[in-house]
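A quick write-up on the structure given underneath.
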Amino acid sequence: MIDYSSRISYRSQSLRPSEIREILSLTEGKNIISLAGGLPGPEVFPKQQLADIAKRVLEDLGEEALQYSPTLGVTPFRNAIMSFASSKGIKVNEDDRVAVTTGSQEAIYLIGLSLIDPGDNIIVEAPTYLAALNAFRFFGANFISIPLDEDGMKVEMIENEIKKGIESGKKIKAIYTVATSHNPTGVIMNDERRKHLIEIANKYDLLIIEDDPYGFFVFDTDKRFTSLKTLDTEGRVIYMGTFSKILAPGLRLGYMIAPRQFTRTVELGKQIVDLHSSTLSQFIAMYAIKEGVVDETIENARKVYRKKRDVLIEALEEYMPKGSEWYKPKGGLFAFVYLPKGVDTTEMLPTAINKGVAYVPGRNFFADGSGGNAMRINFSYPSIDKLREGIKIIGETAKEMMK
Ligand SMILES: *Cc1c(COP(=O)(O)O)cnc(C)c1O
């Protein structure tokens, strides 16, 4: 058999496996409680409604739904996304266009493809979304990491970092943020910091990439946090949403709302990646928006996840070793837990998996390699019993590691 390794492009030689996907493949088919993935709770999927909708889409629009379609999405679906976003308080400007993508992961990839030259710097939260780090890194991005607290990114620290960066000749392109119900910590950026972030972007002429999968999953208040897109007056915010958490990730549908000039570049990139996202999925999601299935799913999931979040916090308090710390997730699907200093969660993982539970080691979520004693725990996927049991095992494993 021939050897492919010498034939792989330089660019692809730099690809590293996603630790989450690797962990998921280790746990597959085994009886392991996985707190590692970012999977929605399967009990939240509107299975019956989607079965009915899929049937009607094929009956009503079969020829269209099974056909190739435009790169940026089918027009009635793009219009439905515009109305949906507006109805949730996300300001859409006259000059903005919707680009439908194959999950927001493709949107992240296309943003990287469209914006990042090797050596460009992206400002990120520390910790931040692992899959964005990996995609931006592939295009040669460097990162400027800004710590966060329970009110989100410490925006007051950014300006100093930008000044230092500029002095040392760094080209800074954009700020990437999951401002509401952050992955992996579940914190929410407060209103003052949101305003300040926009001011900084204006002052230093930066773009903002607002990744917003969880804007509708805020647990303890009905207040909606004003999106950065809504606060922006200069067309600097590239907004991303997804149907993965509010309907079903298997549909692989995400979207971007951004000024036309930018979505045009994204369109050219998408033409060489996948021509267009699934036409059938787009019509199914369109019906689901129009018939209120998306809103029902959001309301149901919010209740289910809030309950699971509460169970998780109780279990953490009961089982984690003294000196452990975490943010109480205000929304989203995750909690980020710091074990006492000195415990290495990467080293601990094989033991935890042997005992029957998986999580993602914290280091993955930091561009600067910190977070060695942290771990991300997903609470949306496991049942309440498994969640409690999983935390009990993690707590016991950590206590053994500390001996
Ligand atoms: C889950 C999630 C997404 C969604 O990814 P899809 O490709 O749309 O499934 C995007 N960003 C963050 C931060 C997430 O947690």
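Computed from heavy atoms alone, side chains included, the values below leave out hydrogens, waters and symmetry copies. Read the numbers this way: they start at 1 and go in the same order the structure lists the ligands and their atoms.
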What residue and atom, counting heavy atoms only, is the protein's closest point to atom 10 (C) of ligand 1, and at what distance? Ser104 OG, 3.4 Å
Answer with yes or no whether the side chains of Asp385 and Ser383 bring together a donor and an acceptor at under 3.5 Å. no
Does Ser104 reach the main-chain N or O of Ala107 with its side chain, forming a donor-acceptor pair under 3.5 Å? no
Any N/O pair Tyr176/ligand 1 closer than 3.5 Å: no
Looking at ligand 1, does any of its N/O atoms fall within less than 3.5 Å of an N/O of Thr102? no
Looking at Asp151 and Lys330, is any side-chain nitrogen of the basic one under 4.0 Å from a carboxylate oxygen of the acidic one? yes
Please find out if less than 6.0 Å separates the ring center of Phe77 from that of Phe243. yes
Between Glu159 and Lys203, does any side-chain N to carboxylate O distance fall below 4.0 Å? yes
Test item: Gln282 side-chain N/O and Ser277 main-chain N/O as donor-acceptor pair under 3.5 Å: yes
Looking at ligand 1, does Pro249 have a heavy atom less than 4.0 Å from it? no
Would you please determine whether Glu106 falls within less than 4.0 Å of ligand 1 on a heavy-atom basis? no
Any donor and acceptor pair, going by atom type alone, linking the side chain of Thr263 with main-chain N or O of Ile257 inside 3.5 Å? no
Short N-O contact, Asp117 and Lys171, less than 4.0 angstrom: no
Numbering as shown, the atoms of ligand 1 that approach Ser244 to under 4.0 Å (heavy-atom distance): 6 (P), 8 (O), 9 (O)
Under 4.0 Å, heavy atoms only, figure out whether ligand 1 is touched by the backbone of Met240, its side chain, both or neither. neither
Which atoms of ligand 1 have any heavy atom of Arg252 under 4.0 Å away? 6 (P), 7 (O), 9 (O)
Show which atoms of ligand 1 fall inside a sub-4.0 Å distance from at least one heavy-atom site of Asp211. 10 (C), 11 (N), 12 (C), 13 (C)
As an exercise, identify every atom of ligand 1 less than 4.0 angstrom from a heavy atom of Tyr214. 1 (C), 2 (C), 14 (C), 15 (O)
Side chain, backbone, both or neither: which part of Phe243 has a heavy atom under 4.0 Å from ligand 1? neither
Atoms of ligand 1 less than 4.0 Å from Lys245 heavy atoms? 1 (C), 2 (C), 3 (C), 4 (C), 14 (C), 15 (O)
